[in-house]
Amino acid sequence: MDTSLVDLAIALPVVLALAAVIALLLRRVFGPARSLSMPTMTVIGVLGVSVGLLLSAWVGGAARLWVPTTILFSVGASLGLSAIVAAVVAAARRDGGDIDVPALLRAGESDRVEFKETARWNVRENRKDPRMEIAIAKSIAAFLNSRGGTLVIGADDAGTAIGLDRDLATLRTPDHDRFELWLRDMLSKAIGRNAAAQPRIVFATADEGGPAVCVVVCRPAPRPVFLTQPKDGGSVTDLWVRVGNSSRALGVDEAVEYVARHWQPSVKTVVLGRPGS
């Protein structure tokens, strides 16, 4: 029996499993919204193993597959390459360089754009208010259930960048990383973990040296997103959509009709396995 073929037969599923584990780990570290897809990260992990094998043969002189040197080089190269790619992608998706914030603010609110001065702080009552959080979740759910859109937190109705200082002051660690963690956690409770991972969140300034705003970019969701909020000692679940420049909850009959129309089966569903939008 050719032992090289046996080694290859065993190594292939092991390499794929290793690459998938590394991809899953890095997506958890950087967040699904700031990472490449699982298949893409898995392929990068496999390429990393190939690089490790070449390095092992070149540097360590190891010609056997199942020896410690080869395994260490393979795992290390796969993890290293995947981490580098994930970090670069996360940084590129986080810096907001492709989002023209000044133009966004100048254009004003529309069916695809909404401004919120704060996410946690009630400006009128000068206190932290859970109702502000629900308002944020409603807007994001409505964008996900419609044609998508962008929510800017830290800008007033006129499109003036106010900044996030009041919201940051409510956090134990007042920085943008903690704000994003809080926002995703709040959304996970309100609209579910899968839906909460969909929006892209970046922090950017409208002017050099000006206050930073939080830009939440929402693409149309592949399936309905329902928002659950507390009410009268219990909870209520609604389907929110964009109607003109505002977000609105649909009644049961309206929601059933909207879901059937908005996510109706199509050729895309059959071919790609995704609902149409």
Side-chain angles (χ1 to χ4, degrees), residues 31 33-34 91-171 173-187 190-191 195-221 225 227 229 240-248:
R34 286 191 284 159
R93 293 185 174 181
R94 181 180 179 78
D95 63 13
D98 61 333
I99 299 176
D100 191 341
V101 176
L104 193 65
L105 295 177
R106 284 196 303 269
E109 294 183 307
S110 66
D111 62 328
R112 304 288 292 274
V113 178
E114 185 170 357
F115 304 147
K116 292 290 187 182
E117 193 168 338
T118 63
R120 307 191 77 189
W121 192 259
N122 188 317
V123 177
R124 293 183 179 180
E125 300 179 9
N126 198 33
R127 66 180 180 88
K128 188 172 72 171
D129 189 344
R131 292 176 297 180
M132 303 296 105
E133 302 178 10
I134 291 297
I136 294 293
K138 288 177 180 178
S139 296
I140 292 174
F143 281 135
L144 292 172
N145 285 326
S146 304
R147 295 189 299 150
T150 302
L151 173 67
V152 182
I153 304 172
D156 62 18
D157 293 340
T160 302
I162 304 299
L164 302 167
D165 289 347
R166 285 170 293 189
D167 285 333
L168 293 178
T170 66
L171 303 174
T173 305
D175 59 30
H176 292 165
D177 285 335
R178 182 61 62 178
F179 184 85
E180 180 176 349
L181 287 173
W182 163 78
L183 181 57
R184 291 210 186 269
D185 183 61
M186 183 272 289
L187 291 174
I191 62 177
Q198 293 180 37
R200 176 187 173 198
I201 299 175
V202 299
F203 298 88
T205 58
D207 302 295
E208 186 174 352
V213 297
C214 176
V215 183
V216 185
V217 182
C218 305
R219 298 182 63 185
V225 173
L227 182 141
Q229 60 178 311
W240 287 77
V241 299
R242 292 293 288 182
V243 178
N245 289 12
S246 63
S247 302
R248 184 168 75 88

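- For residues 146-159, every residue pair satisfying the salt bridge (charged side-chain N to carboxylate O under 4.0 Å, His left out) rule, not counting sequence neighbours, is listed here: Asp111-Arg147.
- For Ala212, the side-chain contact (heavy atoms from CB on, under 4.5 Å) partners two or more places apart in sequence, or in a different chain, are His176, Thr205.
- Rounded to the nearest 0.5 Å, atoms OG (Ser110) and CG (Leu104) are 8.5 Å apart.
- No side-chain donor-acceptor contact under 3.5 Å links Asp185 to the backbone of Leu181.
- Arg131 meets the side-chain contact (heavy atoms from CB on, under 4.5 Å) test with Asn122, Glu125, Arg127, Asp129; sequence neighbours excluded.
- The distance from atom CD1 of Ile191 to atom CD of Gln229, rounded to the nearest 0.5 Å, is 13.0 Å.
- Counting heavy atoms from C-beta on, the side chains of Val101 and Val213 come closer than 4.5 Å.
- Here the closest heavy-atom approach between residue Phe143 and residue Cys218 is recorded as CB-CB, 3.8 Å.
- Not counting sequence neighbours, Lys138 has no partner by the salt bridge (Lys or Arg N to Asp or Glu O under 4.0 Å) test.
- With sequence neighbours excluded, the residues satisfying side-chain contact (heavy atoms from CB on, under 4.5 Å) with Ala142 are Trp240, Arg242, Ser247.
- Arg219 is linked by a salt bridge (Lys or Arg N to Asp or Glu O under 4.0 Å) to nothing, counting only residues two or more places apart in sequence or in another chain.
- With sequence neighbours left out, Glu117 forms a side-chain hydrogen bond (donor to acceptor under 3.5 Å, both in side chains) with Arg166.
- Using a 4.5 Å heavy-atom threshold, the side chains of Leu105 and Thr160 count as separate.
- Residues passing the side-chain contact (heavy atoms from CB on, under 4.5 Å) test with Leu171, sequence neighbours excluded: Arg120, Leu168, Arg178, Phe179, Trp182.
- Contact detail for Ala137 and Leu187: the closest heavy-atom pair is CA-CD2, 3.9 Å.
- Considering CD1 of Ile201 and CD of Glu180, their distance stands at 4.5 Å, rounded to 0.5 Å.
- The side-chain hydrogen bond (donor to acceptor under 3.5 Å, both in side chains) check on Asn126 picks up Trp121, with sequence neighbours excluded.
- Going from atom CD1 of Ile99 over to atom CZ of Phe203 covers 11.5 Å, rounded to the nearest 0.5 Å.
- In this structure the side chain of Val152 never reaches within 4.5 angstrom of the side chain of Glu114, judged on heavy atoms.
- Counting heavy atoms from C-beta on, the side chains of Val243 and Val241 come closer than 4.5 Å.
- Legend: residues meeting side-chain hydrogen bond (donor to acceptor under 3.5 Å, both in side chains) with Thr150, ordered by chain and number and at least two apart, are absent.
- Contact detail for Asp100 and Pro102: the closest heavy-atom pair is OD1-CD, 3.3 Å.
- When side chains are defined from C-beta on, Ile153 counts as touching Ile136, because their heavy atoms get closer than 4.5 Å.
- Of all heavy-atom pairs between Arg184 and Ala196, the closest is NH1-O, 2.8 Å.
- Leu227 contributes atom CG, which lies 10.0 Å from atom CD1 of Ile140 (distance to the nearest 0.5 angstrom).
- The structure places CZ of Arg112 at 14.0 Å from CG of Leu151, a figure rounded to the nearest 0.5 Å.
- Using a 4.5 Å cut-off on side-chain heavy atoms (C-beta onward), Cys214 and Leu164 make contact.
- The salt bridge (Lys or Arg N to Asp or Glu O under 4.0 Å) search around Asp165 returns none, not counting sequence neighbours.
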